Amino acid sequence: MKSYRVHGETPMSDWGHAMFTDNLDSVIDCYVGEYVYSVDSKNLVGIDDMMETIVEKMSECYENGMLPVSMESNIDNGTEIEELANLFNPSDIVMSAEAWDDDEMTMWFWANIAEPSEIYGFKTNDGAIVFDENMIERIGTIEEIA
């Protein structure tokens, strides 16, 4: 199964990741960019398969005062760590990418989950998050695909 992204010359964000959706029409209709990119889910690790690791690392970082302020304040205000961790698996990545729309959470995930585990692509509920541009294929322009 493929997931898709519409973006400019490079598929990567300024934060070093690329967000994809399984629904090609939704990115063509909602995003501005010239090129359509895809990633194949067979090359990705399920974010649900990493959830225990995410929760454990988040708990460890919280206990040691090493969480970004935005994440720590959520927990301090009563958000359960599991609930916060679930933001890494949004239910509708086009309407709200949840954690992936937050620079601190994205950078925390990179530094504490993706890079140490050497896993650079994750399958979410309805899309994907990729940290390695080499995993991504440019499949054409919007005009060619639409």
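It should be emphasised that the depicted structure is a prediction, and the values quoted were computed from it without experimental measurement.
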Exercise for review: Run the numbers on Y37 and F20 for ring pair (Phe, Tyr, Trp, His ring centres under 6.0 Å), then give the verdict.
Suggested key: CA-CA 8 Å; Y37 298 90; F20 293 80; 7.7 Å; no
Exercise for review: Assess whether atom CE of M12 is packed by more than 12 heavy atoms of other residues, nucleotides or ligands within 6.0 Å.
Suggested key: yes
Practice item. Give a yes or no on whether E115 atom CD has more than 12 heavy-atom contacts from other residues, nucleotides or ligands under 6.0 Å away. Key: yes
Exercise for review: Before giving the answer on side-chain contact (heavy atoms from CB on, under 4.5 Å), spell out for N64 and E60 the whole-Å C-alpha distance, their side-chain angles and the decisive distance to 0.1 Å.
Suggested key: CA-CA 6 Å; N64 295 321; E60 177 187 316; 3.7 Å; yes
Minimum heavy-atom distance between [X] and [Y], given as atom pair plus value:
X    : Y    : result
P116 : A111 : CG-O, 3.3 Å
S38  : I139 : OG-CG2, 3.4 Å
L44  : A128 : CD1-CB, 3.6 Å

Check your understanding: Taking only residues two or more places apart in sequence, or in another chain, which ones meet E9 in a salt bridge (Lys or Arg N to Asp or Glu O under 4.0 Å)?
Key -> R138
**Study point:** E52: salt bridge (Lys or Arg N to Asp or Glu O under 4.0 Å) partners, not counting sequence neighbours
**Key:** none
Test item: [X] and [Y] side chains (from C-beta on) under 4.5 Å apart, heavy atoms:
X    : Y    : answer
M19  : D101 : yes
V36  : I142 : yes
I75  : M71  : no
N23  : Y4   : no
W108 : L67  : yes
I119 : M50  : yes
H7   : Y35  : no

Starting at [atom1] of [X], measure out to [atom2] of [Y] and round the result to the nearest 0.5 Å.
X    : Y    : atom1 : atom2 : result
L24  : R5   : CG    : CZ    : 13.5 Å
N112 : I54  : CG    : CD1   : 10.5 Å
K57  : I81  : NZ    : CD1   : 13.0 Å
H17  : T106 : NE2   : OG1   : 4.0 Å
D25  : I145 : CG    : CD1   : 11.5 Å
N134 : E137 : CG    : CD    : 12.5 Å

Below 3.5 Å, can you tabulate the donor-acceptor pairs from side chains in residues 84-93 to any protein atom, sequence neighbours excluded?
residue	atom	partner	partner atom	Å
N86	ND2	E82	O	3.1
N89	OD1	N125	N	2.6
N89	OD1	N125	ND2	3.4
N89	ND2	D48	OD1	3.0
N89	ND2	N125	OD1	3.3
D92	OD1	V94	N	3.3
D92	OD1	M95	N	3.3

Is it possible for you to say whether [X] and [Y] belong to one hydrophobic cluster, with membership spreading through side-chain heavy-atom contacts below 4.5 Å?
X    : Y    : result
V55  : M66  : no
W100 : M107 : no
W15  : M105 : no

Practice item. Return the orientation label for the F122 and F109 ring planes: parallel under 30°, perpendicular over 60°, tilted otherwise. Key: perpendicular
Practice item. Consider only side-chain N and O atoms of N43 and Y120, and report whether a donor and an acceptor are under 3.5 Å apart. Key: no
Review point. Is it true that the side chains of S70 and E104 contain a donor and an acceptor less than 3.5 Å apart?
Key: yes
Exercise for review: Go through the steps for D22 and K123 under the test salt bridge (charged side-chain N to carboxylate O under 4.0 Å, His left out), then give the verdict.
Suggested key: CA-CA 10 Å; D22 295 340; K123 179 73 180 102; 2.8 Å; yes
Check your understanding: Ignoring hydrogens and geometry, is there a side-chain-to-backbone donor-acceptor pair from S41 to M1 under 3.5 Å?
Key -> yes
